[in-house]
Amino acid sequence: MAAETAAPVRLDREALRAHALELHARNFNCAQCVACTLAPFVRIDADTAFRATEGLGGGFGGFTETCGAIAGGAVVAGLARSNGYSDPTSKADTYELSRQLVDEFRSRVGSTRCGEIKGTETGEALRPCDECIAIGLDLAIDMLESMQR
């Protein structure tokens with residue numbers, strides 16, 4: 001008898017997006033919004049995700065460098081793909097997932113730099129944080145769903 005394989009789980013994007021944006025309204029940073037929302041799907045509790053991504057907000061500690069929404073997605077990539085502490089051989093695969101997230105985020109938003117996205121240097125924002133959170137979350141969901149195939 002052939003082994004049955006479980007059908008891939010499709011994540012409820014609308015519900016997850018609403019949750020992530022509710023977290024943002026509660027003053028979570030963009031990285032926390034993405035990582036905490038997806039924590040249950042990558043074997044981590046929300047409090048640990050919150051703590052691990054706290055320093056990534058505001059473009060890494062408020063320096064307006066890499067957008068927290070994509071940084072949170074990269075954290076999710078590591079949690080989803082890594083072999084863990086005892087087998088550090090999965091870096092190349094995790095890096096590839098992160099590169100794909102960054103490339104697609106840059107394509108959709110126009111930049112990965114928080115300052116450029118917010119328009120802190122130019123006075124013209126490319127996107128508001130809520131849109132970046134939604135895009136980063138969608139890309140991370142795409143990644144998780146593709147890993148199930």
For residues 38-46, run the donor-acceptor check on the side chains, cut-off 3.5 Å, and write out each pair with its distance to 0.1 Å, sequence neighbours left out.
from: Arg43; atom 1: NH2; to: Leu79; atom 2: O; distance (Å): 3.1
from: Asp45; atom 1: OD1; to: Thr48; atom 2: OG1; distance (Å): 2.7
from: Asp45; atom 1: OD2; to: Asp47; atom 2: N; distance (Å): 3.2
from: Asp45; atom 1: OD2; to: Thr48; atom 2: N; distance (Å): 2.9
from: Asp45; atom 1: OD2; to: Thr48; atom 2: OG1; distance (Å): 3.1

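- Using a 4.5 Å cut-off on side-chain heavy atoms (C-beta onward), Gln100 and Asp103 make no contact.
- For residues 70-91, the set of pairs meeting the salt bridge (charged side-chain N to carboxylate O under 4.0 Å, His left out) definition, not counting sequence neighbours, comprises Arg81-Asp93.
- Using a 4.5 Å cut-off between side-chain heavy atoms of Ile, Leu, Val, Met, Phe, Trp and Tyr, with links allowed through other members, Ile70 and Phe28 fall into different hydrophobic clusters.
- Tracing side-chain contacts under 4.5 Å through hydrophobic residues (I, L, V, M, F, W, Y), one never reaches Ile133 starting from Leu23; they form parts of separate clusters.
- Minimum interatomic distance between Cys114 and Gly58 (heavy atoms only, all atoms of both residues): SG-C, 4.0 Å.
- No side-chain donor-acceptor contact under 3.5 Å links Arg127 to the backbone of Gly110.
- Put simply, CD on Glu131 and CD1 on Ile117 are 11.0 Å apart, with the number rounded to the nearest 0.5 Å.
- You'll find the side chain of Phe105 reaches within 4.5 Å of the side chain of Cys132, heavy atoms only.
- At distances below 3.5 Å, not a single donor-acceptor pair connects side-chain atoms of Gln32 with backbone N or O atoms of Thr53.
- Summarising the local packing, CD of Glu124 is surrounded by 12 or fewer heavy atoms from other residues, nucleotides or ligands at distances under 6.0 Å.
- The shortest side-chain heavy-atom distance between Met143 and Glu104 does not fall under the 4.5 Å cut-off.
- The two residues Ala35 and Val76 have their closest heavy-atom pair at CA-CG2, 4.0 Å.
- Here the closest heavy-atom approach between residue Glu116 and residue Leu126 is recorded as O-CG, 3.6 Å.
- Hydrophobic cluster membership is shared by Met147 and Leu101, with clusters built from Ile, Leu, Val, Met, Phe, Trp and Tyr side chains linked at under 4.5 angstrom.
- Rounded to the nearest 0.5 angstrom, Cys33 SG and Asn27 CG are separated by 9.5 Å.
- More than 12 non-hydrogen atoms from other residues, nucleotides or ligands lie less than 6.0 angstrom from CZ of Arg13.
- Of all the heavy atoms in Leu56 and Ala31, the pair that sits closest is CB-CB, 3.7 Å.
- Of the charged side-chain nitrogens involved, at least one lies within less than 4.0 Å of a carboxylate oxygen, so that Glu96 and Arg99 count as a salt-bridged pair.
- The closest donor-acceptor contact from the side chain of Ser90 to the backbone of Asn83 lies under 3.5 Å.
- Salt bridge absent: Arg17 and Asp130 never bring a charged side-chain N and a carboxylate O closer than 4.0 Å.
- Linking Ile, Leu, Val, Met, Phe, Trp and Tyr whenever their side-chain heavy atoms come within less than 4.5 Å puts Val102 and Leu144 in one cluster.
- Nearest heavy atom pair, residue His24 against residue Cys30, reads NE2-SG, 4.1 Å.
- Atom-to-atom distance recorded for Thr37:OG1 and Leu11:CG is 11.5 Å, nearest 0.5 angstrom.
- Residue Val34 comes nearest to Gly73 through the heavy atom pair CG1-N, 3.8 Å, listed as atom of the first residue, atom of the second, then distance.
- Residue Leu139 is not grouped with residue Tyr95 when hydrophobic side chains (ILVMFWY) are merged at heavy-atom distances under 4.5 angstrom, including chains of intermediate members.
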